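Contents: one structure, followed by commentary.
Worth knowing before you read on, the calculation uses all heavy atoms, side chains too, and leaves out hydrogens, waters and symmetry mates. What you see is a predicted model; the values in this text were computed from it and never measured.
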Amino acid sequence: MAAALLGFFVITLDALIVNVALPEIGRDFDSGITGLQWVVDGYTLLFAALLLSAGSVTDRIGARQAFGAGLIVFTAASAACGFAPNLGVLVIARLVQGAGAAVIVPASLALIREAFPDSARRARAISLWAMGGSVGAAAGPVLGGVLSEISWRTIFFVNLPVGLLALFLLTRTTRSPRRADTPFDWTGQIAAVAAMGGLTYAAIEAGAVGLTAPRVLVALLGAVAAGAVFLIAQARGRHPMVPLQLLRERTMAISASIGFALNVGFYGMIFLLSLYLQQEHGLSPLATGLAFLPMTLLTAFVSPTAAWCARTFGPRMPVITGQLVMATGLVLLCVPRASAPTWLTVMLMIPVGTGGGLAIPAVTSQLLDRVPAERAGTASGVLNTARQVGGALAVAVFGALATQHATFLHGLRTSLLTAACLLLLTTAAGLLLRPAPQQ
């Protein structure tokens, strides 16, 4: 439990600690918003694309073994980020970080599934696991602000002691069983990387050169073609990494769509407000990190209550309520004028974080309760892939919207309202969630 929690903590910390440091990175490497989008999405891109097969790999080689390999890759890539001599090397190192993180997430959930066969205890364990991410989210912006005052490079070095501690704890656990009958789908994995990479590239570059630019259109066509190959591989391949019967399961489809929408709202807001508060309001990195602190701290306290709410009122209550709270917060953030005080923006961010903190553990627990143990890694990989794709596309699309509008504030409002509408759609879908069978 401790190793799984630390692993989720460090990858969530790394996702959010970078946002506050983006203006410093841009000044150091003389990069505009397009380059900064790649610093964020370089991580989330491979994170999302490799999560699909990472779940299958976890089932095949064992949760403990996969978790250890992912931690080693992530920790080594963190050191490479800190020593990066230019933006290109930084983005490449971030890609490798994302590959390690992709293995850590499903492996950590599979470790919990092995350690807690009882559904009630597992729900509490998942809430603690989610709280590890919430604590990472709470610490990320503030720690990023503090360390950026020294150097943005130090935000990556902080991952090293946490990663080493998690590896030490992992050595104290028993070896996980292997399932050699879980094959690796090379065609599907390559197609997934190509599809997500092409879509992300097109979204980011569209903000810089326009949607009709030749390279943007080529990237979009490539993403569509790769997506078609992926679907064909999953439908006709002998060993698909994402069995279509799993995707046809109502709980799986709804959980994935909800996870996607929640990350669009949360990570899209973090990316835009990190730039807005520093570039438009003139806040320092430290002050910007502190501005996120009330939201992230309350999120950390809300997450443990999700399991209790799910047991008491059923899984739909925390899932639906969380989405509605987040959507409300996103809409309210669009109301204040540019001259509004910073404290008002800080207060309006709180519903966004607390809504996600309530919904994510509940929807994760609901999903793992309804899948067999041998598919736990694959199912959690699909869920977290949907979440990371949501975060990556939010940064890419919202960044493009921010640059295309007359003012940054106008683009920010358009982006947040788009995220709120998406959450309302998935809230309606959440009404179809069924209670898990009693064990």
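Proximity of a side-chain donor or acceptor of Ser284 to a complementary backbone N or O of Ala287 within less than 3.5 Å is detected. Listed for the Arg94 side chain is a donor-acceptor partner under 3.5 Å among the backbone atoms of Val39. The main-chain N or O of Val105 is found under 3.5 Å from a side-chain atom of Ser108 such that the two form a donor-acceptor pair. Thr171 places a side-chain N or O within donor-acceptor distance of the main-chain N or O of Phe168, the cut-off being under 3.5 Å. In this structure a side-chain-to-backbone donor-acceptor pair under 3.5 Å is present from Thr354 to Pro351. Between the side chain of Gln279 and the backbone N or O of Pro23 there is no donor-acceptor pair closer than 3.5 Å. The main-chain N or O of Gly82 is found under 3.5 Å from a side-chain atom of Arg153 such that the two form a donor-acceptor pair. At least one donor-acceptor pair closer than 3.5 Å links the side chain of Arg64 to the backbone N or O of Leu170. Although no hydrogens or angles enter the test, the distance criterion places a donor-acceptor pair under 3.5 Å between the side chain of Asn263 and the main chain of Arg387.
Side chains of Ser78 and Asn159: a donor on one and an acceptor on the other come within 3.5 Å.
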Evaluate the criterion side chain to side chain contact (heavy atoms under 4.5 Å, CB included) for residue pair Leu423 and Leu262; output intermediate values, then yes/no. CA-CA 7 Å; Leu423 280 164; Leu262 288 168; 3.9 Å; yes
List the steps and the verdict of side chain to side chain contact (heavy atoms under 4.5 Å, CB included) for His281 and Thr288. CA-CA 10 Å; His281 278 235; Thr288 302; over 6 Å; no
Can you list the steps and then say if Cys81 with Phe157 is a side chain to side chain contact (heavy atoms under 4.5 Å, CB included)? CA-CA 8 Å; Cys81 288; Phe157 293 139; over 6 Å; no
Between Val229 and Ile190, does the side chain to side chain contact (heavy atoms under 4.5 Å, CB included) criterion hold? Intermediate values first, please. CA-CA 10 Å; Val229 171; Ile190 294 172; over 6 Å; no
Please step through ring pair (Phe, Tyr, Trp, His ring centres under 6.0 Å) for the pair Trp152 and Phe29, ending with a clear verdict. CA-CA 11 Å; Trp152 62 263; Phe29 291 142; 5.4 Å; yes
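Side-chain contact between Tyr276 and Phe271 is absent, with no heavy-atom pair separated by less than 4.5 Å. Between Val397 and Ser415 there is no side-chain heavy-atom pair separated by less than 4.5 Å. Within the 4.5 Å cutoff, no side-chain heavy atoms of Thr154 are placed close to those of Val146. In this structure, the side chains of Phe156 and Asp14 come closer than 4.5 Å at one or more pairs of heavy atoms. Between Val331 and Arg413, the closest side-chain pair of non-hydrogen atoms is not below 4.5 Å. For the pair Leu95 and Trp38, the minimum side-chain heavy-atom distance is 4.5 Å or more. The shortest side-chain heavy-atom distance between Phe260 and Leu422 falls under the 4.5 Å cut-off. Leu324 is listed as a side-chain neighbour of Leu424, based on a closest heavy-atom distance under 4.5 Å.
We find the CZ-OH distance between Arg215 and Tyr201 to be 4.5 Å, quoted to the nearest 0.5 Å. For the atom pair CD (Glu280) and CG (Leu273), the distance works out to 11.5 Å, reported to the nearest 0.5 Å. Once rounded to the nearest 0.5 Å, the distance linking CD of Gln97 with CG of Leu46 reads 11.0 Å. One finds the CG atom of Leu5 at 7.0 Å from the CG atom of Leu128 (value rounded to the nearest 0.5 Å). A distance of 5.5 Å separates CE of Met196 from OG1 of Thr385, quoted to the nearest 0.5 Å. Thr44 OG1 to Gln37 CD: the interatomic distance, rounded to the nearest 0.5 Å, is 10.5 Å.
Aromatic rings of Phe74 and Phe47 (six-membered ring for Trp) have centroids beyond the 6.0 Å cut-off, not under it.
Contact record, Ala219 with Ala202: CB-CB, 3.9 Å, taken as the closest heavy-atom pair. In this structure, Val264 and Ala419 approach most closely via the heavy-atom pair CG1-CB, 3.9 Å. Looking at every heavy atom in both residues, Ile270 comes nearest to Met295 through CD1-CE, 3.6 Å. Minimum interatomic distance between Ile126 and Thr364 (heavy atoms only, all atoms of both residues): CG2-CG2, 4.1 Å.
Around CZ of Arg27, the count of heavy atoms belonging to other residues, nucleotides or ligands within 6.0 Å exceeds 12. Other residues, nucleotides and ligands contribute over 12 non-hydrogen atoms within 6.0 Å of the CG atom of Asn86.
Each of Val395, Leu22, Val18 was scored for a side chain to side chain contact (heavy atoms under 4.5 Å, CB included) with Leu36, with one residue passing: Leu22.
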